[in-house]
Amino acid sequence: MINKFIKEFKQILATPQKIVLIPHFNPDGDAMGSSIALQIFLRKLGHDSVVTVPNDCPEVLLWMPGMENVLNYYHNGIEVIHRIINADMIVALDLNSLERMEKLAPVVQQSKAKIAMIDHHHDPENFADLMYSSPKESSTCEMIYKLIEALNIELIDQDIATCLYTGILTDTGSFAYSSTSATTHFIVHQLLKTNINVGEIHQKIYNQHSLGRVQLLGKALSTLQRVQDLPVVYIYLTQKDLNEFGYKKGDTNGFVNYGLTIADVELSVFFIEDAKSKKIKISFRSKNYFSTQQFASNHFSGGGHFHASGGQYKGSMKEAIKHFMKCIKHVSSEFS
Ligand code: 5GP
Ligand code: MN
């Protein structure tokens, strides 16, 4: 897949291009890291490239090099639409369906630009003209490294390496998930040769939280329930809880993982209310054998990876949890 993609990508890059890079909405470290790294790299190759994000980035990522050139649809809507409509190429990053671009999806559909997709999620939809899809990779950042390696590895600099390292670090749970491979560590080895400061990156991502965020974690953990007779736990936060602790986007990232630290738990679930859209957003994480991707797509109009997926439920928190309990009992044989 990568060889075919590289051939087609190279052909497009043979002449200067206007390129727009789009990560998924509610972007995370991998989405931003891969997009900004590619933005910097394409600029170095002489192209006019810009990242446009469908909505705000979490505050803990705002320090990333190249972030100053990122355009946010919510703040620069007209410019973002103009850029997308007039692009020669659009690159979708860390997403497997157009829908994950949220409000930018219909704009992209109106553009005559060629669409490229670079992503590591399962079951990619067929919306792109050229596709580099590799669900085995730890992160989209790992894929961007391989792409840069094939195009011109000499152009890797500290800024690109910092972005790629950030995405790999966050998407592998600090090199803990089983998606972490020998290649992942080899790539990190190469990135570290640019003298990036891994201690500083770690501090900026993990030790920069507000008091409210840590108190919100306390609130979330106080709701922890175990589903009777199953290795399944869940936590939840209502809109009222979020308001009480001054919630900001990204504050609850990682909360769902705490459930998995319990010895015999296989599945941890986190429900979070969004009163504005009248939806409950749900995160699923599993330790070993349970496919969160299948569960999220079958029951909560979502998807993701085997061990980490998300979905949503239209309705109240109570209804969402009730629906979840029904669905989890339905698949209880998978836990025996
Ligand atoms: P999170 O729980 O952190 O929001 O998401 C975990 C993983 O599932 C991420 O890789 C994310 O891309 C994916 N994901 C989250 N929500 C959705 C969704 O609604 N649909 C799909 N297809 N994937 C999702
Ligand atoms: Mn990712």
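Order of appearance sets the numbers: ligands from 1, and atoms from 1 within every ligand.
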- [ ] Could you tell me whether the Mn ion (ligand 2) has an N, O or S atom of Cys141 under 2.8 Å away?
- [x] no
For [atom], the protein heavy atom that lies nearest, with its residue and separation:
atom	value
atom 14 (N) of ligand 1	Gly303 O, 3.4 Å
atom 7 (C) of ligand 1	Ala308 O, 3.5 Å
atom 18 (C) of ligand 1	Gly310 O, 3.7 Å
atom 19 (O) of ligand 1	Gln312 NE2, 3.1 Å
atom 2 (O) of ligand 1	Ser283 OG, 2.6 Å

Donor-acceptor pair between [X] and [Y] side chains, under 3.5 angstrom:
X	Y	result
Thr140	Ser34	no
Asn55	Asn26	yes
Asn197	Glu200	yes
Asp171	Ser139	no

Looking at [X], which atoms of ligand 1 are within less than 4.0 Å of one of its heavy atoms?
X	value
Gly302	18 (C), 19 (O), 20 (N), 21 (C), 22 (N)
His305	10 (O)
Gly304	8 (O), 13 (C), 23 (N)

So which N/O/S atom does [X] have closest to the Mn ion (ligand 2)?
X	value
Asp94	OD1
His120	NE2
Asp30	OD2
Asp171	OD2

Could you check whether any side-chain heavy atom of Gln110 comes within less than 4.5 Å of a side-chain heavy atom of Ile84, counting everything from C-beta outward? no
*Do the non-hydrogen side-chain atoms of His120 and Asp30 ever get within less than 4.5 Å of each other?*
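Counting from C-beta outward, His120 and Asp30 do come under 4.5 Å.
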Exercise. Closest by any non-hydrogen atom to atom 4 (O) of ligand 1: pick that one out of Gln293, Lys281, His121, His122.
Key: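 Going through Gln293, Lys281, His121, His122 one by one, Lys281 has the nearest heavy atom to atom 4 (O) of ligand 1.
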Under 3.5 Å between any N/O of [X] and any N/O of ligand 1: does that happen in this structure?
X	value
His24	no
Phe284	no
Arg100	yes

Does Arg285 have a non-hydrogen atom less than 4.0 Å from ligand 1?
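In this structure, Arg285 qualifies as a contact of ligand 1 - some heavy atom is under 4.0 Å.
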Non-hydrogen atom of Glu99 closer than 4.0 Å to ligand 1
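Glu99: no contact with ligand 1 (<4.0 Å).
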Salt bridge or not for [X] and [Y], using N-O below 4.0 Å?
X	Y	value
Lys44	Asp159	no
Glu244	Lys240	no
Glu137	Lys146	yes

For this session: Just say parallel, tilted or perpendicular for the rings of Phe324 and Tyr234, cut-offs at 30° and 60°.
Result: perpendicular
Would you call the rings of His323 and Phe300 parallel, tilted or perpendicular, taking 30° and 60° as the class edges?
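The rings of His323 and Phe300 stand perpendicular, inter-plane angle above 60°.
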#### Entry: Donor-acceptor contact below 3.5 Å, side chain Gln17 vs main chain Leu13
no
